[in-house]
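Each remark here refers to the structure printed beneath this line.
Hydrogens, waters and symmetry mates are skipped; everything else that's a heavy atom, side chains included, is used. Both counts, for ligands and for their atoms, begin at 1 and track the order of listing. Since the structure is predicted, the reported quantities are computational estimates derived from the model, not experimental observations.
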Amino acid sequence: MNLKPFAADPQKSLGRQFKEAPSKLRNDFQRDRDRIIHSGAFRRLEYKTQVFVNHEGDMYRTRLTHSLEVSQISRGIARTLGLHEDLAEAIALAHDLGHTPFGHAGQSSLNQCMKEYGGFEHNLQSLRIVDVLENDYVDFNGLNLTFETREGILKHCSNKNALKLGLIGERFIQKKQPSLEAQLVNFADEIAYNHHDIDDGFRSGLLIFDQLQDVPFFKEIALKVKSESPSINNRQCMRVTIRRMMNIFVMDLCHESQARIDKKNLNTINDVRNEVPIIALSEDLTKKQQSLKQLLREALYLHPRVQVMTDNAHEVINSLFKKFMQKPDLINIDEKHNQHDLAKLVSDYIAGMTDRFALQTFEKLCQH
Ligand code: MG
């Protein structure tokens with residue numbers, strides 16, 4: 001690994017909450033990544049919705065395949081920029097652990113249910129999973145990850161919540177930046193979902209090839225692909241176009257970020273933390289990214305068939321929340337908890353459910 005001096009360095013990590021002896025074979029970020037991959041929360045990502053509900057088809061992205069794509073893109077960018085690949089990979093694999101069943105619809109429903117009890121936010125929940133909820137270790141709660149991985153997982157946070165989180169929340173109060181590895185994973189996340197949602201949207205038939213021509217960036221590349229291979233069908237053309245677009249985004253991100261790095265005098269990770277955000281797309285590609293997002297929002301996320309899922313998710317999550325609050329013994333929670341603590345436990349339980357487990361439980365307990 002050709003590490004730059006401002007990359008995160010496991011030897012200089014701010015450490016784990018519970019002190020552990022170092023591994024003989026792996027650096028601390030590798031160890032974090034391995035703990036994430038072996039966690040129960042990671043396995044459950046396989047059955048959680050990205051945009052399409054899991055049972056709608058086997059070829060759609062799930063939270064798991066999305067996370068793998070984010071990790072692949074992140075590692076490539078990290079290697080190009082001389083940053084720590086293992087850290088970028090660990091953050092990417094953990095970045096969506098806190099998602100509820102049924103994607104964003106599930107998160108907004110659970111947030112609504114939790115309104116009187118501090119709300120629900122998937123990003124905070126990802127941190128809560130690795131800090132508290134995973135329980136496979138004897139000496140500590142959670143996975144006891146390094147500060148750098150936890151810092152990357154917590155990508156946004158209100159000041160109110162930051163105050164409750166100790167050291168990991170401080171940067172939000174002091175308006176500081178996380179490591180470059182954490183910054184790049186956010187971009188890799190967006191690059192991954194913008195492109196795979198076009199692919200899944202097309203596969204589902206909700207997004208048609210002609211609609212994509214409304215995005216000039218897509219149209220320009222698709223025309224070139226067709227002129228190179230006139231016999232190509234729309235599906236192949238779309239796949240090739242998506243691949244080229246992703247490549248353009250990743251190259252632009254590396255190029256623009258390297259130019260920004262070159263302009264700064266960065267010698268350590270602390271210089272990175274005290275700077276403005278460094279990892280960035282060029283202005284041109286930022287605009288192109290916005291046009292892709294707009295198309296996806298209008299043509300896919302707000303499509304009536306996707307909206308049906310939103311309505312179903314509300315019903316399932318609301319009903320389960322009410323049911324478990326009334327009868328916490330159904331999920332082995334002691335009734336003696338006060339309402340606030342009980343709500344938090346119920347919310348942890350529901351957030352951890354996969355789509356199909358939530359649906360099965362809903363059918364069993366709430367539909368008579
Ligand atoms: Mg994501």
Side-chain angles (χ1 to χ4, degrees), residues 32-33 36-37 39 41-54 59-78 85 87-111 120-130 145 149-157 178-201 242 245-246 249-250 253 277 279-281 286 289-290 292-297 300-301 306 309-310 313 351-355:
D32 282 359
R33 177 205 55 205
I36 291 159
I37 289 181
S39 69
F42 185 74
R43 284 194 297 282
R44 291 197 298 270
L45 294 177
E46 185 176 2
Y47 298 104
K48 290 196 177 201
T49 291
Q50 183 68 23
V51 172
F52 294 92
V53 181
N54 200 246
M59 288 291 279
Y60 296 122
R61 267 70 174 188
T62 63
R63 289 267 165 219
L64 179 66
T65 61
H66 162 71
S67 300
L68 295 175
E69 290 183 28
V70 176
S71 129
Q72 176 269 324
I73 297 169
S74 299
R75 276 185 283 126
I77 300 167
E85 266 183 80
L87 176 61
E89 187 180 13
I91 297 169
L93 293 175
H95 86 284
D96 270 352
L97 288 180
H99 268 287
T100 61
F102 316 119
H104 285 279
Q107 126 119 4
S108 70
S109 306
L110 191 54
N111 186 32
F120 176 87
E121 208 274 309
H122 68 85
N123 190 222
L124 272 179
Q125 189 71 7
S126 298
L127 186 70
R128 187 167 157 78
I129 285 171
V130 300
L145 303 181
T149 301
R150 296 170 62 238
E151 171 193 60
I153 291 173
L154 190 63
K155 62 180 172 191
H156 39 73
C157 182
S179 68
L180 294 181
E181 288 81 354
Q183 293 182 35
L184 75 85
V185 173
N186 291 342
F187 283 90
D189 186 20
E190 290 200 34
I191 293 172
Y193 67 68
N194 284 331
H195 293 88
H196 67 47
D197 286 356
I198 295 178
D199 188 39
D200 280 354
I242 287 180
M245 280 167 46
M246 283 180 83
F249 270 98
V250 171
L253 187 78
I279 303 292
L281 286 166
T286 305
Q289 174 155 277
Q290 280 158 359
L292 278 179
K293 278 174 180 280
Q294 195 185 342
L295 173 90
L296 282 168
R297 192 166 43 245
L300 188 62
Y301 307 145
V306 176
M309 183 190 96
T310 307
M353 294 172 116
T354 60
D355 291 11

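Restricting His66 to its N, O or S atoms, the one at the least distance from the Mg ion (ligand 1) is NE2. The N, O or S atom of His95 lying closest to the Mg ion (ligand 1) is NE2.
Our summary of the site lists the angle at the Mg ion (ligand 1) between OD1 of Asp189 and OD2 of Asp96 as 160°, to the nearest 10 degrees.
Between the side chains of Tyr193 and Lys293, a donor-acceptor pair is found at a separation under 3.5 Å. One side chain, His66 or Asp189, offers a donor N or O that lies under 3.5 Å from an acceptor on the other.
The main-chain N or O of Pro178 is found under 3.5 Å from a side-chain atom of Gln183 such that the two form a donor-acceptor pair.
A salt bridge does not link Lys48 with Asp96: every distance from a Lys NZ or Arg NE/NH1/NH2 to an Asp or Glu carboxylate oxygen is 4.0 Å or more.
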